[in-house]
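See below for the structure under consideration.
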Amino acid sequence: MVAALSLSGTLLVPGAVAAEYPAAATAEAAQSGVPTITPVAGYPALYEQGVSTGGPDVPGAFALDGGDDVAYYRYKFTPGPRGEIVPGELLEFAPRHAGSTWLAVSAVDARGIATSAPTYEFNVRLPVTAGRWLFDEGEGGTAVSEVTGDTLALSSLDLWGPGSNAELFPDDDFGLVLDEPADSAVSSGPVVDPTGLFTVSAVVNPDDAGPGRVVSQGSDFELAVVTSPECPTATATCWAFTVATGDGGGSTTTYADAEPLPGVWNAVTAIRNPYADEVRMYFCESYVDTPRQVAQSTVDPLDAGSGAPLLVGGSDWSGSVDNVRVLAGAPADTKMVQWCFGATT
């Protein structure tokens with residue numbers, strides 16, 4: 001099993017413990033030798049020293065070897081979890097943060113004497129931005145992704161309106177106002193591979209609590225407001241994320257414990273993680289609170305994408321849309337906090 005997140009957002013790693021490590025004896029030299037740390041091939045990421053690879057939520061593993069006298073190993077990732085594992089058990093790890101990461105390991109023998117390995121440092125790669133549309137053009141028939149240059153073609157020149165930061169920057173921040181089913185913005189082709197690890201996020205201001213699609217890529221995925229008895233909300237209306245499964249003919253919908261909030265900016269993020277066979281969703285009211293995890297569900301793998309373009313709007317949903325982001329990868333928790341408070345990166 002690879003590492004996964006609990007509903008509270010806590011990283012679960014095999015063998016992890018919450019308590020502080022017990023102090024080890026330090027009298028004389030340990031019977032076992034200095035332990036070695038070796039990255040294991042065959043996982044989605046091979047976290048070698050001095051190499052930037054993997055990414056948040058992309059699992060890897062390490063083999064630990066301290067000789068025959070080791071009773072157990074203590075480990076600590078910085079940033080990340082800490083815990084203990086027995087000899088022969090692989091240390092599996094799915095990072096939640098990009099950047100430099102340190103792994104400290106001690107081999108502890110039956111007498112409690114610990115021998116530490118040199119600190120192992122590796123670099124977790126940032127997720128790749130597949131598209132980021134801030135809609136700050138304010139005019140014209142297209143919106144351009146800041147990072148990739150991919151364009152969304154607008155169904156009308158009249159879609160422009162105030163963006164989520166317009167109160168602070170009234171002359172520079174814009175979004176799209178979608179108040180008719182035909183109102184939409186569409187790419188020329190698919191933006192992200194839906195069979196891999198990907199993220200869809202948008203900042204939206206609903207006109208009402210009515211249902212409808214906000215962002216989709218054909219049958220690959222759909223971020224929407226739905227009304228369903230499956231919604232874990234008092235109104236039976238909630239944010240939801242539907243993803244294709246199998247050969248694309250099936251699908252799974254994840255229902256969030258979050259209702260649309262009309263008249264204010266909602267920041268909604270959905271992550272599909274094929275390594276953990278799950279979907280997670282996060283929600284906040286922009287500039288008011290920090291994101292909270294509002295859904296987690298198990299989903300089957302997808303074999304191939306639909307080849308359809310990215311579509312913003314084009315449904316009965318009515319409201320304003322800003323800061324649509326699609327990542328080939330997963331954002332760190334800190335990045336979602338920044339999105340909630342108006343970050344444009």
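Note: hydrogens, waters and symmetry copies are ignored here, and every other heavy atom, side chains too, is used. FYI, the numbering just counts along the sequence from 1.
Classification of Arg74 and Glu84 as a salt-bridged pair fails, no side-chain N sitting under 4.0 Å from a carboxylate O. Of the charged side-chain nitrogens involved, none lies within less than 4.0 Å of a carboxylate oxygen, so that Asp57 and Arg272 do not count as a salt-bridged pair.
Listed for the Ser187 side chain is a donor-acceptor partner under 3.5 Å among the backbone atoms of Gly189. At least one donor-acceptor pair closer than 3.5 Å links the side chain of Ser145 to the backbone N or O of Thr148. Proximity of a side-chain donor or acceptor of Ser315 to a complementary backbone N or O of Arg213 within less than 3.5 Å is detected. Distance alone, capped at 3.5 Å, places no donor-acceptor pair between the Tyr282 side chain and the Val337 backbone. Looking only at distances, no side-chain donor or acceptor of Asp69 sits under 3.5 Å from a matching main-chain atom of Asp109. In this structure, Asp136 contributes its side chain and Phe174 its backbone to a donor-acceptor pair below 3.5 Å.
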Verdict with supporting geometry, Arg325 and Thr199, side chain to side chain contact (heavy atoms under 4.5 Å, CB included) = CA-CA 8 Å; Arg325 299 173 171 91; Thr199 301; over 6 Å; no
Determine, stepwise, if the pair Asp333 / Arg96 fulfils side chain to side chain contact (heavy atoms under 4.5 Å, CB included).
-> CA-CA 7 Å; Asp333 298 335; Arg96 281 299 301 134; 2.5 Å; yes
Evaluate side chain to side chain donor-acceptor pair (under 3.5 Å) for Tyr255 paired with Glu230, printing each intermediate quantity in order.
-> CA-CA 7 Å; Tyr255 301 90; Glu230 299 293 329; 5.8 Å; no
Could you please spell out the steps behind the side chain to side chain donor-acceptor pair (under 3.5 Å) verdict for Thr253 and Thr242?
-> CA-CA 4 Å; Thr253 299; Thr242 299; 2.7 Å; yes
Intermediate values then yes/no, side chain to side chain contact (heavy atoms under 4.5 Å, CB included), Val58 and Leu197 | CA-CA 8 Å; Val58 182; Leu197 175 60; 3.8 Å; yes
Apply the test ring-ring contact (aromatic ring centres under 6.0 Å, His included) to residues Phe221 and Phe198: give CA-CA distance (whole Å), side-chain angles for both, the deciding distance (0.1 Å), then the verdict.
-> CA-CA 10 Å; Phe221 60 80; Phe198 71 89; 5.1 Å; yes
Derivation of the side chain to side chain contact (heavy atoms under 4.5 Å, CB included) call for Trp133 and Thr151 | CA-CA 9 Å; Trp133 293 273; Thr151 61; 5.8 Å; no
After noting the C-alpha distance and the side-chain angles of Thr252 and Thr245, does the key distance pass the side chain to side chain donor-acceptor pair (under 3.5 Å) rule?
-> CA-CA 7 Å; Thr252 298; Thr245 58; 4.8 Å; no
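The CG atom of Leu159 sits 11.5 Å away from the CG atom of Leu152 when rounded to the nearest 0.5 Å. Rounded to the nearest 0.5 angstrom, Phe241 CZ and Met281 CE are separated by 7.5 Å. A distance of 12.5 Å separates CD in Glu48 from CG in Asn123, rounded to the nearest 0.5 Å. Rounding to the nearest 0.5 Å gives a distance of 6.5 Å between CG of Asp183 and OG of Ser156. Between the CH2 atom in Trp339 and the SG atom in Cys284 there is a gap of 11.0 Å [rounded to 0.5 Å]. Between His97 atom NE2 and Leu126 atom CG the span is 12.5 Å, to the nearest 0.5 Å.
With 3.5 Å as the limit, one finds a donor-acceptor pair spanning the side chains of Thr269 and Ser201. Ser306 and Asp220 share a side-chain donor-acceptor pair at under 3.5 Å. For the residue pair Asp207/Ser318, the side-chain donor-acceptor check at 3.5 Å is satisfied. Side-chain polar atoms of Thr237 and Glu259 form no donor-acceptor pair below 3.5 angstrom. Between the side chains of Glu278 and Gln296, a donor-acceptor pair is found at a separation under 3.5 Å.
Taking each heavy atom of Glu146 and Thr344 in turn, the nearest pair found is OE1-O, 3.9 Å. Here the closest heavy-atom approach between residue Val294 and residue Ala258 is recorded as CG1-CB, 4.0 Å.
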Residues 166-173 side chain polar contacts: donor-acceptor under 3.5 Å, at least two apart:
from: Asp173; atom 1: OD2; to: Ser164; atom 2: N; distance (Å): 3.1
from: Asp173; atom 1: OD2; to: Asn165; atom 2: N; distance (Å): 2.7
from: Asp173; atom 1: OD2; to: Ala166; atom 2: N; distance (Å): 3.3

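Between Phe93 and Phe62, the distance from one ring center to the other does not fall under 6.0 angstrom. In this structure, Tyr120 has its ring center no closer than 6.0 Å to that of Tyr47.
Under the side chain to side chain contact (heavy atoms under 4.5 Å, CB included) test applied with Leu302, the options Val243, Thr195, Asp193 reduce to a single match, Thr195.
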